[in-house]
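The structure under discussion appears below in the form of structure tokens.
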Amino acid sequence: IKEVYVNMKKILVVIGICIVLAAMPMTTALPLFNLRPINIIQNARPALTNGTFNGEYAMKNESGYIPLGVINGTYESWNWTASFVGTWTAYEGNASGALQGWVWGHLFYGTYNTTGSQESEWFIGLYRLNTTENTFKAGAILFGEDDNFIRYAIGSL
């Protein structure tokens, strides 16, 4: 029975990733007669400049978001791609670590670890920018050694 549970869990993770990728919103409408790949890529997300980010990460339940800790770091952007490095710290002070990753359009992915651990786990998610207010909202699936879970982040650039 445990093997069935593990296999079902893997199948659900793969289905979840497929849903996340399929649900990525189109941000521009392009006429079919002028379809150039470079235009699609450049218009996939608003241009960013290099800078910093900070915010809060949380989990969600039936009654809303439960804040778990803070994230902060720096990012470097090139047209439609970017990279980032940062740290995370739990509010309870019982855990902290580092994260790093890459951005492509509205998709981000990368690795995270816990301070003192040599092991890194990975994550994948989607984010939305509000360039008027310099804020972001993100949701990601984090793949841990024992469990997979969803976390949300809200912050500013």
Side-chain angles (χ1 to χ4, degrees), residues 1-27 41 44-46 48-131 133-157:
I1 243 176
K2 186 173 182 172
E3 290 178 24
V4 171
Y5 175 74
V6 170
N7 288 335
M8 182 61 82
K9 202 165 135 179
K10 289 179 182 178
I11 290 170
L12 289 174
V13 168
V14 169
I15 290 171
I17 291 171
C18 291
I19 290 171
V20 166
L21 293 175
M24 288 180 19
M26 281 196 68
T27 58
I41 292 170
R45 105 177 135 76
L48 289 176
T49 57
N50 300 341
T52 62
F53 65 90
N54 60 58
E56 184 174 60
Y57 68 93
M59 62 186 258
K60 187 176 182 181
N61 64 16
E62 299 81 31
S63 56
Y65 292 97
I66 301 169
L68 299 174
V70 295
I71 57 170
N72 56 57
T74 61
Y75 60 89
E76 187 173 349
S77 181
W78 313 272
N79 291 330
W80 52 277
T81 62
S83 66
F84 60 90
V85 296
T87 59
W88 62 272
T89 305
Y91 280 139
E92 296 176 0
N94 58 356
S96 65
L99 54 100
Q100 66 178 11
W102 303 268
V103 175
W104 189 62
H106 288 278
L107 175 71
F108 66 94
Y109 56 97
T111 60
Y112 69 97
N113 66 16
T114 303
T115 302
S117 172
Q118 299 297 326
E119 304 271 332
S120 289
E121 305 296 339
W122 59 284
F123 58 86
I124 185 169
L126 297 172
Y127 76 98
R128 181 180 306 172
L129 288 177
N130 180 334
T131 54
E133 298 175 4
N134 288 328
T135 60
F136 68 88
K137 292 181 181 181
I141 301 172
L142 285 74
F143 300 92
E145 182 178 318
D146 299 328
D147 198 10
N148 305 317
F149 44 94
I150 297 175
R151 291 294 180 257
Y152 300 90
I154 300 170
S156 60
L157 303 174

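As the structure is a prediction and not an experimental result, all values here were calculated from the model. The first residue in the sequence is number 1, and the count goes up from there.
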Min side-chain heavy-atom separation Asn72-Thr87 under 4.5 Å
yes
Could you label the plane-to-plane angle of the Phe108 and Phe123 rings as parallel, tilted or perpendicular, counting under 30° as parallel and over 60° as perpendicular?
tilted
Quick one: does Tyr57's side chain get under 4.5 Å of Pro67's, heavy atoms only?
no
In the structure I gave you, are the side-chain heavy atoms of Thr81 and Trp102 within less than 4.5 Å of one another anywhere?
no
Check: Asn113 side chain, Ala98 main-chain N or O, donor-acceptor pair, under 3.5 Å
yes
Should Phe136 and Ile154 count as side-chain neighbours, where that means a heavy-atom distance under 4.5 Å?
no
Thr111 versus Gln100: any side-chain heavy-atom pair under 4.5 Å?
yes
Ala82 versus Ser77, closest heavy-atom pair with distance:
CB-CA, 3.9 Å
When rounded to the nearest 0.5 angstrom, what is the spacing between CG in Asn148 and CD1 in Ile141?
8.0 Å
Taking the side chain as C-beta and beyond, is there a heavy-atom pair between Asn61 and Ile66 under 4.5 Å?
yes
Just how far is it from atom CZ of Arg151 to atom CG of Leu68, taken to the nearest 0.5 Å?
5.0 Å
Centres of the Tyr152 and Tyr65 rings: under 6.0 Å?
yes
Say whether, by atom type as modelled, one donor and one acceptor occur between the side chain of Trp88 and the main chain of Tyr112 under 3.5 angstrom.
no
Give the intermediate values and the outcome of side chain to side chain contact (heavy atoms under 4.5 Å, CB included) for residues Phe53 and Thr74.
CA-CA 6 Å; Phe53 65 90; Thr74 61; 5.7 Å; no
Can you check whether Ser96 reaches Thr114 side chain to side chain, under 4.5 Å on heavy atoms?
no
Quick one: CE on Met59 to CD1 on Ile150, what's the gap to the nearest 0.5 Å?
11.0 Å
Just wondering, do Tyr75 and Leu157 contact through their side chains at under 4.5 Å, heavy atoms?
yes
Identify which one of Asn134, Asn130, Asn54 satisfies the side-chain hydrogen bond (donor to acceptor under 3.5 Å, both in side chains) criterion when paired with Ser156.
Asn54
Taking the inter-plane angle between the rings of His106 and Tyr127 on a 0 to 90° scale, is it parallel (under 30°), tilted (30 to 60°) or perpendicular (over 60°)?
tilted
Go through Glu56 and Tyr91 one step at a time and tell me if the side chain to side chain contact (heavy atoms under 4.5 Å, CB included) criterion holds.
CA-CA 10 Å; Glu56 184 174 60; Tyr91 280 139; 2.5 Å; yes
